[in-house]
Amino acid sequence: MERKWWKEGVAYQIYVRSFKDSNNDGIGDLRGIIEKLDYIKSLGVDMIYLNPINKSPNDDNGYDISDFEDIMTEFGSLADFDELLSGIHNRNMKLIMDMVINHSSDEHPWFIEAKKAKDNKYRDYYLWSKGKGENPPNNWGSFFGGSAWELDKNTGEYYLHIFSKKQPDFNWSNKNLREDMKKMIKYWIEKGVDGFRMDAINHLAKDMDFPDGEMKEGALYGDFIPYVQNLPEVHDYLKELRKDVFTGDQVVIGETGGINYENAHVYTGLDNKELDFTFHFDMHSVGKGEKPWERVEIDLIKDIKEKMTGWATREENEGWCPIFYSNHDTTRTVSRLGDDKEYHALSAKMLATLQLTHKGTPFIYYGDEIGMTNAADFQLEDYRDISVSYGYREYVLSGLVSHENYVKGLNLTSRDNSRTPMQWNDRKNAGFSDVNPWIRVNSNYNSINVEKEEKDQNSILNYYKKLTLLRKEELALVYGSFKEIDEDNKSVYSYERSLGGKKILVVCNFFGRDAEINLSDEVVDSGYKLKLDNYGVYNKGSIKLQERLVKLRPYEARIYIN
Ligand code: GLC
Ligand code: CA
């Protein structure tokens, strides 16, 4: 296995808007991150991934870029960026930037130009089509709700936007657009950025005949996925970027909806080298009932084990993978996969155990290290996500869903759950800002915050630090083989990692009830000793694994090493 910095490191994802506000305007910013670099380093983190920081009118919080080579005004300046980057490098960490190249903002100069006339130089940088009478060109609905087409009155044609109407999609079949994009990415590489997370990257190519999508039962729009996702040309564009732009040691990560461990190799296979690994959506909907406001118990085998083991046991030539549960597009880890009430700390630590001992690169989402939870008491007016207002119009105002159920659904599934301000301490606005933040602070910041957990040896935070340290000490956790144990166990996820003679055994009880696991003689005879556990067993080193039947308490997690 080829050794790489981005395989051995632990990553930390920061939603910049919500991390730390340095100038008290209610919005997190680059100087806020600079202030907190020592904190981040103290977690044992090696790389920082930032959500988009480019100039943007913020229709979709920075995913609608109006200047790719400048910094969002609220976040700071290019000088702040340079200072942040050197602060990161001086601490021996790396920076991964979000790269949003599937679309721009409708306020980008290219789009403003493109709208002027059909023969404008930039017209063909975007995707246009004539309507059908009074209607859009076809029945595609955007990911955020509403039609995927918006009429430009001036030229009488519609432009395609698979996200919000303020995010017109680029036409990647246009060579000039591709050249401009390459120049732009090189600009950041020259600044010293170490890697990129390529937003919505498997959408770059579209079927430009724009055929109607199949109308599925209950759907308001036709299914456009077959025409906008994973088209063959995407591979040409990615190969071109690799050849012309990503020629150094940068890590190139894709965000690829609809891709799973069985087919990810089409992007990450070592023979094509398009992407180093991809973010998937495997864990996003776990526990979601039929309706957004309903929840079901996790099916450990189907929802977690099959997927995580699936990624971890791919052939080496199929590529690498990330290990993550949450990001800015889903809900809080402990609320979705653990228990954010009775077993808050235990379940958060169990999930951390799994994340830091599994195979792949761990991405810790800001706030998960202190066990931040969903914003369960948010009312409609507390939400900020663009998709909430679209959804409200489409479902509540049209009478399909009651207001009450809609809000209940948001409480459980909205992306804003994982975008609330970082909880630094128990003072005003959780220490995030002196003024009201752009999105409400989670009301539990008195009990869940960094300051409190730093002082408590048994906190989730200090447990994370032990895990990142262990991952540095044991190369087997990075490059070791992965073997699941007791696959049919419906309560406990357990596996062995091994490299050379070193063996590590991990057992995680996924539920708030007692459980047990049956080990084979071979495992018991491996000479395992307890190394770390989430109940804080005293005198760990002298506890040898001697019995085949291991009993576990609610959410108990243990790591044994031979
Ligand atoms: C990606 C981002 C998401 C954004 C969308 C449009 O899925 O992760 O936050 O809304 O792309 O850019
Ligand atoms: Ca600010």
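One-based numbering, in listed order, for ligands and for the atoms of each. Given the structure is predicted, the values throughout are model-derived calculations rather than measurements.
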Legend entry - CA sep, side-chain torsions, deciding dist, call: Phe246, Phe196, ring pair (Phe, Tyr, Trp, His ring centres under 6.0 Å): CA-CA 10 Å; Phe246 302 122; Phe196 300 91; 5.7 Å; yes
Inset, instruction - Using the ring pair (Phe, Tyr, Trp, His ring centres under 6.0 Å) rule, take Phe210 and Phe224 through it: C-alpha gap first, then chi angles, then the decisive distance, then the call. - result: CA-CA 9 Å; Phe210 306 131; Phe224 71 160; over 10 Å; no
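With ring centers used as reference points, Tyr126 lies under 6.0 Å from Phe170.
Ring orientation note: the planes of Phe279 and Phe277 are nearly perpendicular, at an angle over 60° on the 30°/60° scale. In this structure, Tyr390 and Phe144 have tilted ring planes: the angle between them lies in the 30° to 60° band.
Counted by atom type alone, Tyr39 and Glu369 present one or more donor-acceptor pairs between their side chains at under 3.5 Å.
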As a test of reading the model: which N/O atoms of the protein lie under 3.5 Å from N/O atoms of ligand 1, and at what distance?
residue	atom	partner	partner atom	Å
ligand 1	7 (O)	Glu255	OE1	3.2
ligand 1	7 (O)	Glu255	OE2	2.7
ligand 1	8 (O)	Arg197	NH2	2.9
ligand 1	8 (O)	Glu255	OE2	3.4
ligand 1	8 (O)	His328	NE2	2.7
ligand 1	8 (O)	Asp329	OD2	2.4
ligand 1	9 (O)	His328	NE2	3.2
ligand 1	9 (O)	Asp329	OD1	2.7
ligand 1	9 (O)	Asp329	OD2	3.4
ligand 1	9 (O)	Arg415	NH1	3.4
ligand 1	10 (O)	Asp60	OD1	3.4
ligand 1	10 (O)	Asp60	OD2	2.6
ligand 1	10 (O)	Arg415	NH1	3.2
ligand 1	11 (O)	Asp199	OD1	2.9
ligand 1	11 (O)	Asp199	OD2	3.1
ligand 1	12 (O)	His103	NE2	3.0
ligand 1	12 (O)	Asp199	OD2	2.9

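Distances from the Ca ion (ligand 2) to each N, O or S atom of Asp29 single out OD2 as the nearest. The closest approach of Asp21 to the Ca ion (ligand 2), by N/O/S atoms, is made by OD1. The N, O or S atom of Asp25 lying closest to the Ca ion (ligand 2) is OD1.
Coordination check, Gly28 versus the Ca ion (ligand 2): failed, since every N/O/S atom of the residue sits at 3.0 Å or beyond. In summary, an N, O or S atom of Asn23 is located under 3.0 Å from the Ca ion (ligand 2).
Counting heavy atoms from C-beta on, the side chains of Trp172 and Val234 never come closer than 4.5 Å.
Of the possible donor and acceptor atoms, one in the side chain of Asp29 sits under 3.5 Å from a partner among the backbone N and O of Ser22.
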